[in-house]
Each structure stands twice: as C-alpha cells, then as structure tokens.
Enquirer: 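Quick one: structure below, then a few questions.
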Protein chains: 2
Amino acid sequence: MATARVRRPVSRAPLTRGRLLRAAVQLADKGGIESLSMRRLGQKLGVEAMSLYNHVRDKEDILDGIVDVVVGEIELPPAGNDWKTSMRQLVLSARQTLLRHRWAPGVIESRKTPTPALFRYFESVLGILRRGGFSTDIAHHALHVMGSRVLGFTQELFDDAEQAGPSSEEAALLAGRMAKQFPYMTEMAMAVSHGEGLGGCDDDVEFAIALDLILDGLEKLRTAA
Amino acid sequence: MATARVRRPVSRAPLTRGRLLRAAVQLADKGGIESLSMRRLGQKLGVEAMSLYNHVRDKEDILDGIVDVVVGEIELPPAGNDWKTSMRQLVLSARQTLLRHRWAPGVIESRKTPTPALFRYFESVLGILRRGGFSTDIAHHALHVMGSRVLGFTQELFDDAEQAGPSSEEAALLAGRMAKQFPYMTEMAMAVSHGEGLGGCDDDVEFAIALDLILDGLEKLRTAA
DNA sequence: ACCTGAACACCGTTCAAGT
DNA sequence: ACCTGAACACCGTTCAAGT
C-alpha cells in the first residue's frame with residue numbers, strides 16, 4: 001500500500017453522524033477493520049481527525065455505530081410462514097449481509113453491550129421461535145444452540161489451507177511429512193480438492209447442510225416438550 | 001489502570017522464544033489482547049522492546065506463537081471409546097482451555113494460516129470421525145457443521161444484557177419501552193433471570209445441550225450414508 | 001456550533017551502534 | 001550473539017484557540 005494517497009476533499013455536504021458512519025463502513029469494507037483510523041476517516045471525509053469528535057464520542061462509539069449500520073442491513077423475513085422457513089430465510093439473509101462486511105462478526109463480538117439493531121435481530125429470531133410453538137425455555141436453548149461455537153472458534157481458515165507451495169519439489173517433500181503426521185487431514189484435503197465435486201468446497205452448500213442439521217435438531221427439541 | 005507500573009526486572013534466565021511466548025500469554029490473560037504490546041512485553045521480561053525482535057519476527061509471529069501455546073493446551077481424549085464420547089471429551093476440553101484464555105478465539109480467527117497446534121487439533125477431530133465410521137465426505141460436512149456460526153456471530157454478549165440500570169425509576173421507564181418494542185426478548189429475560197432455575201442461565205448446561213444436539217445430528221448424517 | 005494546531009501518551013519497527 | 005538509543009511513521013484523544 002505504497003501508492004500515493006490522494007483524496008478528493010469530498011462534497012461539502014454537512015458532516016453528520018450518519019455520513020461519518022457510512023464512510024467508516026466503506027473504509028472497513030475496502031481495507032479491513034485495521035485500516036479504520038480516526039485520521040484516515042477524517043481524510044476520507046475532507047476533515048481533520050479531531051473534528052470527528054463533534055459527532056461521535058470516541059472510536060468505540062464509531063464501532064458501535066458501524067455494527068448498527070451493518071446489522072440493520074439484515075433483511076427480516078415476511079410473516080406468515082412456518083418457523084423453519086422463516087428462520088432459514090433470516091439466517092441466510094444475515095449470512096449474506098455479513099459476507100459483504102467480513103470484518104463485522106469480530107467487531108460485533110467485541111461490543112460490550114448489544115446495539116439497537118442487534119436487539120431487533122434477536123427479537124426477530126425469538127419471535128420466529130415463539131410464534132412457531134417453542135416455549136420460552138426451549139427458545140432460550142435454541143438461541144444458545146445457534147450462537148455457540150462447538151470447536152471453540154470458527155474455522156474459515158481451514159478452507160485456504162491447501163495452497164501450492166513455492167517450489168514443487170519442496171512442496172512434495174513437505175506434503176510427505178504432512179501425510180505422515182496428519183494422515184486424516186491429508187486424506188480430506190485430497191478428497192475435497194480433486195474429489196467428485198467441482199474441486200474446492202462450496203461454502204454455501206456446507207453452510208446450508210449445517211443450518212438444516214441444526215434446524216432439524218431444534219424441531220426435535222420443540223416436539224419433545 | 002492508573003496504578004504505578006512497577007516491574008521486577010525478572011530473573012536473569014536467558015530470553016528465549018518460549019519464555020517470551022509464555023509471558024505474552026500471561027499478559028493477554030491478565031489484561032486482554034489489547035494490553036499485549038511489544039513495549040509492555042519487553043518490560044515484563046526486563047528487556048527493551050527492540051530486543052524481542054531477536055527471538056521473534058514481528059508481532060504477528062507472537063500472535064501465531066501464543067495461539068500455538070494455547071491450542072497446545074487442549075487435552076486430546078484417550079483412544080478406545082466410541083466417536084461420540086471422544087468428540088464430547090475433546091470439544092469440552094477445548095472449551096475449558098479457551099475459557100482460561102478468553103482472547104484466544106478472536107486471535108485464532110485472525111490467523112491467515114493454521115498453526116501446527118491447530119493442525120494437531122483438527123487432525124484429532126477428523127481422526128475421531130473417520131475411525132467412528134464417517135466417510136471423508138461426511139466427515140468434511142461434520143467439520144463445517146461444528147465450525148459454522150449460524151447466527152453470523154457468537155452471542156455471549158446477550159448473556160450480560162440484563163443489568164440493573166442506574167436509577168430504579170429510570171430503569172422501569174426504559175424497561176417499559178423495551179417491553180413494547182422487544183416483547184419476546186423481555187419475556188425471555190424475565191424467564192431466565194428469575195425463572196424456575198437458579199436465576200441467570202448456566203452457560204455450561206446450555207453448551208452441553210447445543211453440543212448434544214449437534215452430535216445427534218452428526219450421528220444421523222453418518223447412518224444415512 | 002463546528003473545526004483546527006499543537007501536544008500528549010502511546011503504538012510497531014528499523015538500524016546503526018554498542019557489549 | 002544479543003541488546004539498546006534514537007528515530008520514523010503511525011495511533012486515539014484533549015484542549016485552547018480560531019471562525
């Protein structure tokens with residue numbers, strides 16, 4: 001990123017909290033959350049960094065604000081369908097939104113207190129469950145099921161793990177050692193990369209499988225009560 | 001944190017990568033990951049910040065290193081049990097470890113490439129599945145199921161959402177507006193906080209419910225093939 | 001009411017210089 | 001071989017001063 005950093009001083013629209021937050025989201029979308037600094041945000045808005053403090057309490061306030069913007073983009077499903085259909089729509093819509101803003105999950109998890117848009121989102125999740133016949137107790141369990149990380153963390157990293165090394169013979173040697181030490185991972189990497197499918201694995205398909213498995217599990221919780 | 005920052009210059013044990021990483025983990029455990037800086041770490045080790053670069057490439061290298069230390073603490077289950085028992089043990093052990101280092105999940109997710117200890121962990125997960133009769137395909141799906149975030153993010157934040165406001169009448173008024181706007185969330189907060197249980201919700205119990213639901217779902221995937 | 005210059009207390013990192 | 005002082009290019013934030 002050694003390119004000359006030129007910025008149009010930007011249209012003289014009045015600086016508002018909304019304009020500030022939208023610019024912050026754009027900055028994070030383009031360069032990742034670590035590229036969002038007060039100085040750079042000011043620059044993008046044609047203003048000095050200190051001016052931002054007239055519209056926002058501090059940087060934490062900006063992070064709360066952009067979480068609210070992004071979570072507010074999640075489309076809530078129309079009423080009138082069965083709970084599973086509605087939940088599927090809502091969760092997939094959330095996924096769509098968060099794939100557009102890949103920095104967002106990490107920032108959401110770093111918030112100390114839920115923002116209004118998060119309240120709205122959880123209210124929607126709970127509403128679908130309660131209207132679908134879940135008791136408050138079971139709905140509470142369901143929320144934990146959908147929010148828990150079984151492995152302790154998310155493993156999107158795993159998907160990129162298969163890359164061609166620098167030199168081919170070097171790679172082969174390393175692959176040999178890998179195969180000895182991690183036979184099951186090697187086996188799976190082989191199967192996934194030039195397996196029966198199209199090569200590589202389809203994250204959307206995998207996600208749908210995971211989602212259906214969990215929704216089926218919730219259905220069983222519901223009817224058991 | 002305005003207390004005088006006194007640091008014993010620390011025993012004159014030779015500075016090594018291992019000692020450096022263990023100190024870094026301690027720093028993160030005590031003050032959160034944002035309290036881990038080169039200068040503070042050097043201070044804790046009785047050395048200037050620049051000296052660290054003799055044992056570590058840069059800060060990213062330190063983050064890779066402390067991930068490896070922490071993930072290496074996860075206890076792998078003994079062989080010889082059925083897959084569900086083993087997986088349950090492994091996942092609960094991972095949870096125990098990560099609860100001791102609450103900063104770890106976020107740092108793990110920020111790694112560009114999996115560290116050796118992560119390989120070992122995933123290899124263990126896969127081994128349990130394959131030896132338990134899962135095909136490579138179904139084991140791959142299972143890995144995605146256990147690694148996916150259904151809601152798009154984790155909601156530990158939600159648990160702390162019920163706190164006494166500052167003034168009681170202020171709180172009551174706010175609660176009234178809340179109840180109008182978010183009836184289902186209000187209902188659940190009530191049920192959870194002074195419900196039939198002990199008050200508040202038991203995260204360990206909720207996690208166990210979620211885990212069993214998912215393991216049962218995986219069992220169904222396995223036998224369907 | 002909003003913006004700014006200067007300053008403060010921090011960051012990660014490099015590099016020539018010390019032992 | 002390892003450590004350090006000084007420096008560089010950054011951070012977030014405050015505050016008195018400008019319009």
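Throughout, protein chains are lettered first and strands after them, A, B, ... in sequence-line order, and every chain is numbered starting at 1.
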Enquirer: Would you give the length of the straight line joining atom CG of B:L45 to atom NE2 of B:H55, rounded to the nearest 0.5 angstrom?
Expert: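 The distance works out to 10.0 Å.
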Enquirer: Taking OP1 and OP2 of D:dT13, is either one under 4.0 Å from a side-chain nitrogen or oxygen of A:R57?
Expert: no
Enquirer: Look at the side chain of A:M50 and decide which nucleotide, out of C:dT4, D:dC2, D:dC11, has an atom nearest to it.
Expert: C:dT4
Enquirer: Report the distance from atom CG of A:D61 to atom C1' of D:dG12, rounded to the nearest whole Å.
Expert: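 Between C1' of D:dG12 and CG of A:D61: 14 Å.
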Enquirer: Return the value, rounded to whole Å, for the distance between atom CZ of B:R40 and atom C1' of C:dG12.
Expert: 14 Å
Enquirer: Given atom CE of B:M38 and atom C1' of D:dA7, what is their separation to the nearest angstrom?
Expert: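 In whole Å, D:dA7 C1' lies 17 Å from B:M38 CE.
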Enquirer: Do A:T154 and B:E109 meet the criterion of a side-chain donor-acceptor pair at a distance under 3.5 Å?
Expert: yes
Enquirer: Step by step, work out the salt bridge (charged side-chain N to carboxylate O under 4.0 Å, His left out) result for A:K112 and A:E60.
Expert: CA-CA 10 Å; A:K112 300 191 181 308; A:E60 285 295 295; 5.9 Å; no
Enquirer: I want to verify a distance call: between D:dC3, C:dG12, C:dC3, whose nearest atom is closest to the B:L15 side chain?
Expert: D:dC3
Enquirer: Between C:dT14 atom P and B:E48 atom CD, what is the distance in whole Å?
Expert: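 In whole Å, C:dT14 P lies 17 Å from B:E48 CD.
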Enquirer: Identify, with sequence neighbours excluded, every residue that meets side-chain hydrogen bond (donor to acceptor under 3.5 Å, both in side chains) alongside B:R17.
Expert: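 For B:R17 the side-chain hydrogen bond (donor to acceptor under 3.5 Å, both in side chains) partners, ignoring immediate neighbours, are B:D61.
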Enquirer: Just the rounded figure in Å: distance from C1' of C:dT13 to CD of B:E60.
Expert: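 That distance rounds to 13 Å.
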Enquirer: How long is the line joining CG of B:N54 and C1' of C:dT19, in whole Å?
Expert: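 It is 13 Å, rounded to the nearest whole Å.
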Enquirer: Among the candidates C:dG12, D:dC3, D:dG12, find the nucleotide nearest to the side-chain atoms of B:H55.
Expert: D:dC3
Enquirer: Kindly determine whether B:R120 and B:L76 satisfy side chain to side chain contact (heavy atoms under 4.5 Å, CB included), including the steps that lead there.
Expert: CA-CA 9 Å; B:R120 166 182 157 279; B:L76 303 188; 3.6 Å; yes
Enquirer: Salt-bridged, B:R130 to A:E187, with N to O below 4.0 Å?
Expert: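 Salt bridge present between B:R130 and A:E187.
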Enquirer: Compare the minimum distances between each of C:dC2, C:dA7, D:dC3 and the side chain of A:R39, then state the nucleotide with the smallest one.
Expert: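 From the listed options, C:dA7 comes nearest.
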Enquirer: What nucleotide among D:dG12, C:dT13, C:dT4 has an atom nearest to a side-chain atom of A:Y53?
Expert: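 Ranking D:dG12, C:dT13, C:dT4 by closest atom to the A:Y53 side chain puts D:dG12 first.
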Enquirer: In dot-bracket notation, what is the pairing pattern of DNA chain C, taking Watson-Crick (N1-N3 plus N6-O4 or O6-N4) and G-U wobble (N1-O2 and O6-N3) contacts under 3.5 Å, with [ ] crossing and | for other strands?
Expert: ||.|||||...|||||.||
Enquirer: Salt bridge check, A:D29 against A:R100: does any charged N sit closer than 4.0 Å to a carboxylate O?
Expert: no
Enquirer: How is A:S37 classified with respect to the nucleic acid when contacts are heavy atoms under 4.0 Å: base, sugar-phosphate, or nothing?
Expert: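 Sugar-phosphate contact only.
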Enquirer: Take atom CD of B:E34 and atom P of C:dG12, then tell me their distance rounded to the nearest Å.
Expert: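 Rounded to whole Å, this separation is 12 Å.
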Enquirer: For A:I62 and D:dG12, give me the distance from atom CD1 to atom P, rounded to whole Å.
Expert: 8 Å
